[in-house]
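Everything below concerns the one structure shown next.
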Amino acid sequence: MKKPLAAAALSPNLPEPPLSLIDAPIKNNVLEVRNLEALYGPVMALRGVNIEVPEGKVVTILGANGAGKTTLMKTVSGVLNPRKGAVWFRGERIDGIQPDRLVKKGLAHVPEGREVFPFLSVAENLAMGAYTRRGKAEIARDIEMIYEYFPILKERQSQTAGTLSGGQQQMLAIGRGLMSRPTLMLLDEPSLGLSPLLVQEIFTIIRRLNKEQGVTVLLVEQNARVALKAADFGYVLETGRIVMAGSSEELMNSDDIKEFYLGQTQQATEGSSETATRFKRKKTWR
């Protein structure tokens with residue numbers, strides 16, 4: 001299977017892909033983003049972004065606040081229109097297609113901040129996730145499947161979603177997304193505001209859903225450690241550009257990732273080249 005990009009560390013000044021890469025998706029990739037540019041208000045938030053999400057894999061996008069991660073997710077899911085470039089989903093070009101049509105095609109987006117329906121019950125929120133589907137018996141079976149993954153939701157199925165804890169709302173948001181039976185699920189910052197224990201629980205379930213239900217996952221996350229443990233491949237997004245890419249193992253072993261995302265600083269000897277400041281070292285990878 002083709003890896004997203006060959007090297008673990010790449011120059012940010014990558015050449016634009018040829019038109020053939022924009023016009024022809026690669027087999028076995030559920031999602032391909034080619035030469036994508038997008039605006040967030042007046043700001044150019046994405047600059048020539050290229051990513052691939054192979055079928056059946058978990059791919060993570062790492063980056064700090066303001067890197068363009070959420071803009072990327074919103075552009076893929078149709079909430080924002082790209083300024084330039086192409087988005088391919090299951091062999092079909094989808095940039096510019098409305099989000100509700102993409103849900104029907106098998107793309108589910110769990111946004112940052114959960115955004116559950118606060119005045120509806122847990123059960124009603126899950127039912128809303130199946131609004132594109134028909135067949136009450138199948139929908140009921142899928143709700144029971146969600147309850148098996150998230151037992152606390154079954155206990156609180158009659159409780160209004162706005163009164164749930166942050167972790168329970170995140171579980172509900174993921175469950176609601178699964179109710180559309182997606183081929184690809186976009187998860188934007190699922191660990192945001194959660195305790196370390198809940199973060200581990202959420203990511204364990206994400207990996208189980210990938211393995212047991214066959215859901216391909218594109219995951220945006222600031223918590224690099226848990227994201228790379230859950231993912232097969234990863235990209236690093238900085239100021240709208242992909243600056244690193246590779247397998248999770250390659251990224252975990254990268255000195256830049258260790259320093260800038262995992263908080264592991266190399267021991268420098270006095271007078272050596274490693275005494276360069278963190279700021280200067282960071283400038284070299286951009």
Side-chain angles (χ1 to χ4, degrees), residues 31 45 51 53 57-74 76-77 79 107-116 118 122 125-126 129 146 149-153 156 161-179 182 184-213 215-238 242 244-249 251-252 254 256-264:
L31 179 73
I51 67 169
V53 181
K57 300 298 183 180
V58 178
V59 175
T60 186
I61 309 291
L62 306 177
N65 281 332
K69 304 186 303 298
T70 294
T71 301
L72 174 60
M73 299 292 258
K74 287 182 175 180
V76 169
S77 66
V79 176
L107 193 154
H109 183 185
V110 179
E112 180 183 6
R114 298 128 198 172
E115 296 188 12
V116 298
V122 167
N125 267 268
L126 293 177
I146 300 301
Y149 282 101
F150 303 106
I152 189 64
L153 296 183
R156 300 177 182 251
T163 62
L164 298 175
S165 69
Q168 292 162 4
Q169 287 187 16
Q170 186 63 69
M171 294 175 187
L172 179 56
I174 294 173
R176 184 184 60 191
L178 288 169
M179 286 301 297
L184 172 65
M185 177 170 280
L186 311 181
L187 296 176
D188 193 348
E189 299 284 7
S191 74
L192 187 65
L194 303 185
S195 69
L197 187 61
L198 276 174
V199 170
Q200 292 298 329
E201 183 177 354
I202 291 287
F203 274 82
T204 297
I205 293 172
I206 290 171
R207 196 62 188 173
R208 283 184 59 200
L209 290 168
N210 169 251
K211 294 298 185 183
E212 297 170 7
Q213 302 300 323
V215 180
T216 304
V217 178
L218 178 61
L219 167 70
V220 156
E221 185 56 60
Q222 286 191 62
N223 190 329
R225 192 180 303 277
V226 296
L228 290 174
K229 285 182 178 179
D232 299 293
F233 305 109
Y235 295 88
V236 179
L237 189 66
E238 288 280 357
I242 299 294
M244 297 187 74
S247 70
S248 294
E249 183 179 0
L251 293 180
M252 286 285 280
S254 163
D256 286 327
I257 294 295
K258 288 178 180 179
E259 180 170 355
F260 302 136
Y261 288 94
L262 303 179
Q264 300 175 12

Q) Met244 and Glu238: side-chain contact (heavy atoms from CB on, under 4.5 Å), yes or no, with the steps? A) CA-CA 9 Å; Met244 297 187 74; Glu238 288 280 357; over 6 Å; no
Q: Begin with the C-alpha distance, continue with both residues' side-chain angles, and end with the deciding distance and a verdict on side-chain contact (heavy atoms from CB on, under 4.5 Å) for Ile202 and Val226.
A: CA-CA 10 Å; Ile202 291 287; Val226 296; over 6 Å; no
**Q.** side-chain contact (heavy atoms from CB on, under 4.5 Å) assessment of Val217 paired with Leu209
**A.** CA-CA 9 Å; Val217 178; Leu209 290 168; over 6 Å; no
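To the nearest 0.5 Å, atom CG of residue Leu164 and atom CD1 of residue Ile152 are 8.5 Å apart. Expressed to the nearest 0.5 Å, how far CE of Met185 lies from CG of Leu178 amounts to 3.5 Å. Going from atom CZ of Arg225 over to atom CD1 of Ile257 covers 11.5 Å, rounded to the nearest 0.5 Å. Taking CD of Gln170 as the start and CG of Leu194 as the end, the distance is 6.0 Å to the nearest 0.5 Å. Considering CD1 of Ile146 and CD1 of Ile205, their distance stands at 10.0 Å, rounded to 0.5 Å. Considering CD1 of Ile174 and CD1 of Ile206, their distance stands at 4.5 Å, rounded to 0.5 Å.
With sequence neighbours excluded, no residue forms a side chain to side chain donor-acceptor pair (under 3.5 Å) with Thr60. Under the rule for a side chain to side chain donor-acceptor pair (under 3.5 Å), the partners of Glu112 that lie at least two apart in sequence or sit in another chain are Thr70. Every residue meeting the side chain to side chain contact (heavy atoms under 4.5 Å, CB included) condition with Ser191, not counting sequence neighbours, appears here in chain and number order: Val199, Phe203, Glu221, Asn223. Listed by chain and residue number, nothing satisfies the side chain to side chain donor-acceptor pair (under 3.5 Å) test with Ser195 (two or more places apart in sequence, or in another chain).
Closest non-hydrogen pair, Tyr235 versus Ala245, comes out as CD2-CB, 3.6 Å. Between Ala108 and Gly177, the closest heavy-atom pair is CB-O, 3.7 Å. Listed here is the closest heavy atom pair of Asn125 and Ala161: ND2-CB, 3.5 Å. Nearest approach of Leu218 to Leu184, heavy atoms of both residues: N-CD1, 4.0 Å. The minimum heavy-atom distance linking Ser77 with Leu186 is given by the pair CB-CD1, 3.9 Å. Shortest non-hydrogen contact noted between Gly167 and Leu198 is CA-CD1, 3.9 Å.
Among residues at least two apart or in separate chains, salt bridge (Lys or Arg N to Asp or Glu O under 4.0 Å) pairs with a member in residues 226-237 are Arg207-Asp232. Residue pairs meeting the salt bridge (Lys or Arg N to Asp or Glu O under 4.0 Å) criterion with at least one member in residues 186-196, sequence neighbours excluded: Lys69-Glu189.
By the 4.5 Å heavy-atom criterion applied to side chains, Val76 and Leu31 are counted as neighbours. Residues Pro190 and Val110 are not in side-chain contact: their nearest non-hydrogen atoms beyond the backbone lie 4.5 Å or more apart.
In this structure, Asn210 contributes its side chain and Thr216 its backbone to no donor-acceptor pair below 3.5 Å.
Atom CD of Glu249 has 12 or fewer neighbouring heavy atoms from other residues, nucleotides or ligands inside a 6.0 Å radius.
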